[in-house]
Protein chains: 2
Amino acid sequence: MKLSGGVEWALHCCVVLSRASAPVPSARLAELHGVSKTYLAKHLQALARAGLVRAAEGRDGGYALTREPAAITVLDVVEAIDGDQPAFRCTEIRQQGELALPPEECRVPCGIARVMAEAERSWRRSLAGTTIADLGASLDPARLDRVLGRG
Amino acid sequence: MKLSGGVEWALHCCVVLSRASAPVPSARLAELHGVSKTYLAKHLQALARAGLVRAAEGRDGGYALTREPAAITVLDVVEAIDGDQPAFRCTEIRQQGELALPPEECRVPCGIARVMAEAERSWRRSLAGTTIADLGASLDPARLDRVLGRG
DNA sequence: AAAACGTGGATAGTGTTTGTCCGAGATTAC
DNA sequence: GTAATCTCGGACAAACACTATCCACGTTTT
């Protein structure tokens with residue numbers, strides 16, 4: 001099981017945006033974290049499509065959160081970047097091959113698929129229990145403004 | 001987030017093995033489920049390396065479980081196929097770029113990494129709550145022997 | 001000896017991830 | 001109006017993992 005690497009970047013960016021006093025350009029966000037500017041821009045676009053951030057175009061533009069940091073969960077960011085498709089996709093093996101079950105016994109989802117889905121629900125529930133506000137509590141806004149100000 | 005497709009095959013195979021009265025060859029397991037013989041063989045080798053199944057070589061050989069089905073959890077199979085590496089790997093972004101934190105503030109894992117690790121623990125705990133014995137309860141051993149017997 | 005079977009490596013095809021580049025459009029400052 | 005700054009969106013390519021196949025080899029039973 002693997003999570004897209006962009007998730008980490010996006011979470012750090014959201015934390016920064018939650019404590020910034022003005023929109024931050026994507027290139028600036030990349031410099032703050034020492035990551036690729038062009039690739040980070042891609043991920044920020046995904047966050048924008050998901051409605052988590054808004055882009056202010058033009059000069060002095062940049063990205064800002066659309067909601068209160070306490071109203072954005074880690075799960076929101078993960079799904080924006082990584083997609084909301086389930087990690088396990090049942091291919092209905094039980095209906096194939098010599099051991100195939102008749103269709104009338106397959107109205108209920110396969111037991112394996114049920115276990116996988118339940119585990120994934122646990123994972124999502126856990127991620128939804130932390131917000132950007134929680135993560136940003138330890139970041140000093142004054143320090144952030146100082147670093148951003150003299151850019 | 002994505003789970004390897006072989007996980008599904010491996011789980012179905014373990015369920016079959018838990019209810020079979022004799023070792024089952026890999027080619028036979030593939031036929032039972034209508035999947036690729038050569039590729040399934042690869043996954044079975046992974047199960048063998050993980051110690052979940054044992055291969056009997058030579059004529060009339062095949063695979064069998066090494067333990068009681070009730071002692072093999074879904075998590076065991078998932079980790080055997082997909083690996084036990086965490087889905088989220090923290091790259092210590094907090095120590096990079098202009099906003100980098102000094103090393104002395106980084107003795108404790110980053111908050112983002114903590115949230116991800118906790119969510120993954122929930123996922124694993126959930127998968128460990130179901131065993132092969134649970135999954136195999138609905139498979140009729142008589143029917144399996146009938147299908148296997150006249151191969 | 002012969003047949004059946006797993007082992008492990010070599011080899012491809014395919015798809016996803018990661019990352020770059022550039023032109024177009026929007027907005028502000030002068 | 002013009003220039004500067006910034007985002008947007010798509011095209012593009014390299015790297016990697018996943019999926020899948022094949023074969024030479026050793027082992028075991030008949």
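Reckoned from all heavy atoms, side chains included, excluding hydrogens, waters and symmetry mates.
At most 12 heavy atoms of other shown residues, nucleotides or ligands fall within 6.0 angstrom of atom CZ in R89(B).
Annotation: side-chain hydrogen bond (donor to acceptor under 3.5 Å, both in side chains) contacts involving residues 15-25 of chain B, sequence neighbours excluded, comprise S21(B)-D145(B). Sorted by first and then second residue, the ring pair (Phe, Tyr, Trp, His ring centres under 6.0 Å) pairs involving residues 51-103 of chain B (not counting sequence neighbours) form an empty list. Residues in residues 63-74 of chain A take part in these salt bridge (charged side-chain N to carboxylate O under 4.0 Å, His left out) pairs, two or more places apart or across chains: R67(A)-D76(A). Each side-chain hydrogen bond (donor to acceptor under 3.5 Å, both in side chains) pair with one or both residues in residues 105-119 of chain A, not counting sequence neighbours, appears once here: E118(A)-R121(A). For residues 43-59 of chain A, the set of pairs meeting the salt bridge (charged side-chain N to carboxylate O under 4.0 Å, His left out) definition, not counting sequence neighbours, is empty.
Residues from residues 19-27 of chain B that place a heavy atom under 4.0 Å from any atom of DNA chain C, listed by number: P25(B), S26(B). The stretch residues 86-97 of chain A does not touch DNA chain D, since none of its heavy atoms comes less than 4.0 Å from the strand.
Across D134(A) and G129(A), no two heavy atoms sit closer than the pair OD2-O, 4.2 Å.
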task: Indicate for each nucleotide in nucleotides 9-19 of chain D, in 5' to 3' sequence, whether protein heavy atoms under 4.0 Å reach the base (B), only the sugar-phosphate (S), or nothing (-).
output: BBB-------B
query: In the 5'-to-3' direction, what one-character label does each nucleotide of nucleotides 22-30 of chain C receive under the scheme B = base within less than 4.0 Å of a protein heavy atom, S = sugar-phosphate only, - = no such atom?
result: ----BBSS-
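Atoms OH (Y63(B)) and P (dT28(D)) sit 14 Å apart, rounded to a whole Å. Remark: C1' of dC5(C) and CG of L44(B) are 12 Å apart, rounded to the nearest angstrom. Residue E31(A) contributes atom CD, which lies 10 Å from atom P of dC6(D) at whole-angstrom precision. Between the C1' atom of dT21(D) and the CG atom of L40(B) lies a distance of 14 Å, rounded to the nearest Å.
Counting heavy atoms from C-beta outward, L29(A) and H12(A) have side chains that stay 4.5 Å or more apart. Counting only heavy atoms from C-beta outward, the side chains of R28(A) and E98(B) approach each other to under 4.5 Å. Side-chain contact between M116(B) and L11(A) is present, with at least one heavy-atom pair separated by less than 4.5 Å.
With sequence neighbours left out, the side-chain contact (heavy atoms from CB on, under 4.5 Å) criterion links A20(B) to V24(B), L144(B), L148(B). Residues passing the side-chain contact (heavy atoms from CB on, under 4.5 Å) test with S36(B) are W9(B), T38(B), Y39(B), sequence neighbours excluded. Partners of Q85(A) by side-chain contact (heavy atoms from CB on, under 4.5 Å), not counting sequence neighbours: none found.
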